[in-house]
Each structure stands twice: as C-alpha cells, then as structure tokens.
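Computed from a predicted model, the values in this text were never measured in an experiment. Just the heavy atoms: all of them, side chains too, but no hydrogens, waters or symmetry mates, feed the values below.
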Amino acid sequence: MATVNGRKAIIEKIATTRTNYPQVDFNEATLKELFGINVFNTRVQKERLSKPVFKALQKTIREGATLDPAIADSVASAMKDWAIESGATHFTHLFQPMTGLTAEKHDSFLAPNEDGSAIAEFSGKELIKGEPDASSFPSGGLRATFEARGYTAWDPTSPAYIMDNPNGATLVIPTAFVSWTGEALDKKTPLLRSIDALSVQACRILKLFGKKVTRVTTTVGPEQEYFLIDSMFYWSRPDLINAGRTLLGAAPPKGQELEDQYFGAIPDRVIACMADCEAQLFKLGVPVKTRHNEVAPSQYEIAPIFEDSNLATDHNQLLMEIIRRTAPKYGLAALFHEKPFAGINGSGKHNNWSMSTDTGENLLNPGETPHENTQFLVFCVAVIRAVAKYPELLRVSVSGAANDHRLGANEAPPAIMSIFLGSQLQDIMDQLENGPAKNTKSGGMMEIGVSVLPKLPKDAGDRNRTSPFAFTGNKFEFRALGASQSIAGPNTVLNTIVAESLDYLATKLEADVKAGKNLNASIQELLSSILKESKKVLFNGDGYSKEWHEEAERRGLPNHKNTVESLPIIISKESVQLFSKYKVYNESELKSRFNILCEHYIKTVNVEAKLTAVMAKTMILPACYKYLGEVS
C-alpha cells in the first residue's frame, strides 16, 4: 500500500505541476545561422589561419596526410583566441575510454605573470598532447594500476567545439587515448586505424577502374532511439537510477498493443525538450534531421544526416550527452538502456553505413541500372563476402548484457547475422552467380486508386525490418546495435572485415590484369565464385520466424544468442590474424577488449542482482508486511 500511495502522490504532483520550460526562439536565430556557430570548422579555420597552415591542416583532414607538428602553435593560438571570444575559460581533451562513455579533464587558459597579472595561453604542445591518468580507466590488463601514464592525441579530423556551461564555456578538443606503450586505451584509435585500412584497399579497387582517388572513408548515420519519462517516476525507481531498467514491477493494463504511439503527435513537453536539444546540437555542427515517436510508449528517435564515421561517432556520443543533460530542464529523465521496460519495445541504434571517396562518390550507390554498374557490384559483393566470412565478429560487436534483452525480440533483429538485399538487388546477384547480369527489375509506378493523388514511383523491392544487415538504397543498415552503445566498436569491425574482403578482391584482380586477362571477364568470374560461397548469408524473409532459425542452422550460420556465447570470438586465432594484419588491434589489445567486456558483463549482472535483493527487502517486503497487517 505504501508503494501505491507513493505512486498516487507522484501522479497528483505531476498532474498539478505547471512548469515554465525554457524557450528556444528560432525566429531570433535561424537554423542556417545557428548551425556550426560553436565549431572550429573549415570556415573558421580559413578565416583565422594563414594560407600555408590552413592548407596543411586541410591536407591532414581530407587526405589523411601525417599531421605537421610545425603548424600546431599557429592552430592552437587561433583556436584559443576564437574560444575566448566565445566565452571559453577552459579547454579539455575529450576522449572515449573503454567505458563506452566520454571522459574529460578541464584546464584553464590562465597563466600568471610575475607582476601579479595574468595572460591566456594555449600552446601547440598542449593542443597536440594531453596526459590524463590512465590507471582508473578499464584497460583489460594493458596497464597495471601503478602504471598511470596515458596520452591523449589531438584528432584534427574531428573539429574542436565550444561547449556552453551554466557559467562560462569550454573549448572541447576530440582526441585519441593511448598508453605509454602506444597501445589503444579507447574506442577512437582502432576506429581511425580501421578507416585507414579500408581506404588503402578500396583505393586499390578504384585504381583498377581508372579512378584517381587518394582516400576512401566510411560514412555513418546512426538512428538513436531513447525513452523520456517524468523525473518523478525516475527518482522513485532505484532500479532505473542504478541499472537503467526496471528489475521489478507489474505490466500496465495498456502497453503498445494498440499501436497508437508510433509516428504519433509528439507531446508538447517532449517536443520542447527535443527542440532545445536540437538547437544545442545545431550549434555544435551535429546535422540532426529526423525526430519522431517510436513504437513503445514514451519512446522517441532522433537521426542525423550521414557523416564520416569518425565524426559521426563523436557526434553520437555528444548527442546522447546533450539529451541526458537537457531532459531534466523539462522535468524528464532520458533512458538509453536497450530494454528499460519489460513487455514493450526496447531501444536500438540503426547504423547506416556506406563508403565514400574524397571526390564525393558513394561507392554503394547502385544507380539506375545496377546490373551495368560493375564498380558498385564489386563493392557490394565485397560487403556480402565480409558478412558471410565474419558473422561472429559482427555479432560480438553488438554484444552486452543490456542488448541481450533486446536482440531477437520483436523490435530487434535476431542474433543470426544475415543480409537483406531486396528483390531488385537479389535478382541481380542471382543472375551474377550464374553469368553476367543482363537486366534490372523496375518498380514502375504505383496506382493508389484516388484521382486527386499523384502516381508514385514504386521501389523495386520492399524493406525488411527483421534483418540485422539490410541494403537500403545506397547503404547497408546494421540494425543490431544497442541504443546505449558507442558506434565505434561495430564500425571498427565492419570497416576491418570489408577491408579484408576488398584486399582479397583487389589481389585477385590485380594478378589477372598483370597476366593480361580482361578486367570485366575477371570481375565476372570472381564475383560469381564469391556469391556461390557467400549466398548462405542472403535472406529476404522473416527473420523472426522459427523456420528461418531452422534454415539458418542448415546453412551453417552461427546463432550466438547471448553475450557469454559470443565473447570468445574476440581472441580467436582468426580474429587476431585479421586485426593484426590490418594494424587495427594487436593481440594484446584484443585480449584487453575481451577482458573488459567479460568484466563489464559480470559487473552489470551483479549490480542488477544486488539491486533486486535491496528493492525486495526495502520496498516490497515492508509493503507486504503492512498490507498483511491491515488484512489481519
């Protein structure tokens, strides 16, 4: 009864509270004026740096050239002046340790003079390298507790920005985080290595097609799902506060069974919070595009336009932090746990992935006639081969105690890694397996049957929401990621396995060309043989069905249903050889990731177990005793 009365009091307070929420006036500053005003972007760099320094910095950013340390002082001085003019008093090297969150240590620009006055200083040395304590972050055995030295290294490909605080502002510099021995202690460093690995192999393929390309990057647009609930409900739940999900409770009479939440009208308080978050994100150069109600009650989604995968990773971490910080201003709490409430949909993070050249060409754009687009077919088949050869690595990249509650349920794809191509592309691959592809299916026009409505162009294939890895027009959507996850890990794996696949294709084709064989004939022969071996991973049907699980087993596709089953693949001989070959992880770094993930899983489950016991003793049992006394 105490719990019932407490909930009643909370509901009454929520119903009678009238809050004056902060106002975001887009009439005062338009979207165009807001976007990127707090970012040390290309426009600001061009205005404040000398031409030689600007060109050298841009060469590093755009082409992946080695950073010239000689320009650091000039960049640091310009960055400091710009930041102070924007109200900044401190700077910080932001990095992404293996906690999956971000970390920062703030230092002021202040430097005292002998005469008692002070000046603002920020040197190139301070810009390039920081030295946070590495002993208290997860290292998985890479560092002993007494070995505390760690370094942050400036990442010029992700621009610095100003983060406004309640009092003042901070210059934030995205960095990588490594140990004294040079091993990666973070998620950014392996991601950057994997991008370089893929770029090298993709450029080899493009050279065969006569393309003058110096760099290929992977692009990502992560669709972020999350819950917003009233703060008073949040603070009344120790399990939500400490575990991010409800551990005990009763299902409500109404959940999502009426299907009336998805794409519904966004409540005023929620849309006010969304608009505030978006205004902050626009200032920070995060290109958020879409917002809507998700399937479960109180569940929402925000999605950006795609960006370079390194920048997209930084921006996604920033987006989650902005939502967490902003929600309380509106009497709300943000939940990013994959399954905060039983019985309704959990939250994922759909990772829309593609490859793009430094000339702006999307390598997974099929064009109007995909069967004639040989370059697209080569890159697409390379991705198919990568997923077919390394499904267990993709599975482990999205593992975790929280995501175990979601994968395979109705709102998430199963743990079986398969690819949905759609009927148009599947037909082309079927043709290609047995010879040259000769035609492309057309979707035609859709007749709606209402005279006032226009005829709509019909896609040649439907969408499949049950596939963990689906082709969606000009990209692949990796749908198995959990909402709380950093996208760095899954994209590091994806970049690396595709790099290996491109390496395999390039090596075969280069040998054939050197031997005097016709390139098109060699491509046809090679793609056909790859599809014969890799078609087991192609599936256009219902991923939730019992029949698919049985079929997948017959095809020999692995089905690791939980984290415990999937983790050992990280330190397998095949994984060590793959990541070492492309210098993404060495063996010690892989072992450390295995240890960290095992430890995190155990600690998460242990915290939930202790929480359940505490709640039972301090909340449920007293209520039962009180009720028993009243009945007696």
Side-chain angles (χ1 to χ4, degrees), residues 198 201-202 204-205 208 353 355 363-364 366 370-371 373-397 414-438 467-471 476 478 493-513 515 517 519-541 543 548-560 569 572-575 577-579 581-582:
L198 183 140
Q201 305 308 328
R204 288 174 64 194
I205 296 287
L208 291 167
W353 180 93
M355 295 172 276
L363 299 176
L364 290 179
H371 72 282
N373 190 342
T374 308
Q375 179 182 290
F376 160 74
L377 293 175
V378 168
F379 280 95
C380 187
V381 170
V383 176
I384 293 170
R385 179 185 176 276
V387 176
K389 187 173 181 182
Y390 300 103
E392 292 175 301
L393 280 176
L394 281 178
R395 170 63 183 92
V396 78
S397 77
I416 304 165
M417 291 296 123
S418 65
I419 295 178
F420 168 81
L421 293 178
S423 57
Q424 182 191 70
L425 198 51
Q426 182 66 60
D427 179 65
I428 291 172
M429 293 302 166
D430 291 341
Q431 294 179 55
L432 199 57
E433 182 187 347
N434 300 305
K438 296 178 180 178
S467 175
F469 204 83
F471 187 76
F476 281 97
F478 188 17
V493 169
L494 188 50
N495 294 344
T496 306
I497 64 176
V498 173
E500 188 278 336
S501 204
L502 291 170
D503 184 4
Y504 173 82
L505 269 75
T507 301
K508 295 281 188 183
L509 294 175
E510 286 168 351
D512 284 352
V513 170
K517 291 184 68 174
L519 178 61
N520 284 331
S522 295
I523 289 173
Q524 167 59 50
E525 183 180 335
L526 180 58
L527 297 190
S528 178
S529 66
I530 289 173
L531 287 169
K532 283 182 170 65
E533 294 176 0
S534 303
K535 66 180 180 181
K536 63 182 179 180
V537 82
L538 301 179
F539 177 67
N540 282 358
W548 165 236
H549 285 248
E550 294 170 352
E551 172 63 23
E553 187 175 356
R554 284 193 293 270
R555 294 187 186 189
L557 297 179
N559 183 12
H560 299 306
I569 191 64
S572 68
K573 182 179 179 181
E574 184 184 41
S575 297
Q577 289 175 341
L578 171 71
F579 288 110
K581 178 179 180 181
Y582 297 100

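Between the side chains of Asn520 and Gln524, no donor N or O sits under 3.5 Å from an acceptor N or O. Residues Thr507 and Asp503 bring a donor and an acceptor atom of their side chains to less than 3.5 Å of each other.
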Evaluate Arg385 against Glu500 for salt bridge (Lys or Arg N to Asp or Glu O under 4.0 Å), listing each step before the verdict.
CA-CA 10 Å; Arg385 179 185 176 276; Glu500 188 278 336; 2.8 Å; yes

Pair Met417, Leu557 - check side chain to side chain contact (heavy atoms under 4.5 Å, CB included), show working.
CA-CA 8 Å; Met417 291 296 123; Leu557 297 179; over 6 Å; no

Apply side chain to side chain contact (heavy atoms under 4.5 Å, CB included) to residues Leu578 and Leu393 and explain how you reach the verdict.
CA-CA 11 Å; Leu578 171 71; Leu393 280 176; 3.6 Å; yes

I'd like to know whether Phe379 forms a side chain to side chain contact (heavy atoms under 4.5 Å, CB included) with Leu364, so could you lay out the CA-CA distance, the side-chain angles of the two residues, the decisive distance to 0.1 Å, and finally the verdict.
CA-CA 7 Å; Phe379 280 95; Leu364 290 179; 4.3 Å; yes

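Using the six-membered ring where Trp is involved, Phe469 and Phe476 have ring planes that are parallel, under 30° apart on the 30 and 60° scheme.
The minimum heavy-atom distance linking Gln201 with Ala499 is given by the pair CG-O, 3.4 Å. In plain terms, the two heavy atoms of Ser522 and Lys517 that are nearest each other are OG-CB, 3.7 Å. When every heavy atom of Asp430 is checked against every heavy atom of Asn434, the shortest pair comes out as O-ND2, 3.1 Å. Residues Ser418 and Ser467 approach most closely at O-OG, 3.7 Å, considering heavy atoms. Ser572 and Ser575 make their closest contact through OG-OG, 3.0 Å (heavy atoms, listed as atom of the first residue, atom of the second, distance). Pairing each heavy atom of Pro370 with each of Gln424, the nearest pair is CG-OE1, 4.0 Å.
Leu494 places a side-chain heavy atom less than 4.5 Å from the side chain of Leu394. Arg555 has its side chain within reach of Glu551: a pair of non-hydrogen atoms, C-beta onward, lies under 4.5 Å apart. Annotation: side chain of Trp353 is in contact with side chain of Val498 (closest heavy-atom distance under 4.5 Å). Looking at heavy atoms from C-beta onward, Ile384 lies out of side-chain contact with Ile530 at the 4.5 angstrom threshold. Put simply, the side chain of Ser501 does not reach to within 4.5 Å of the side chain of Val383, judged on heavy atoms.
Between Glu392 and Arg395, no side-chain nitrogen of the basic residue sits less than 4.0 Å from a carboxylate oxygen of the acidic one, so the salt-bridge criterion is not met.
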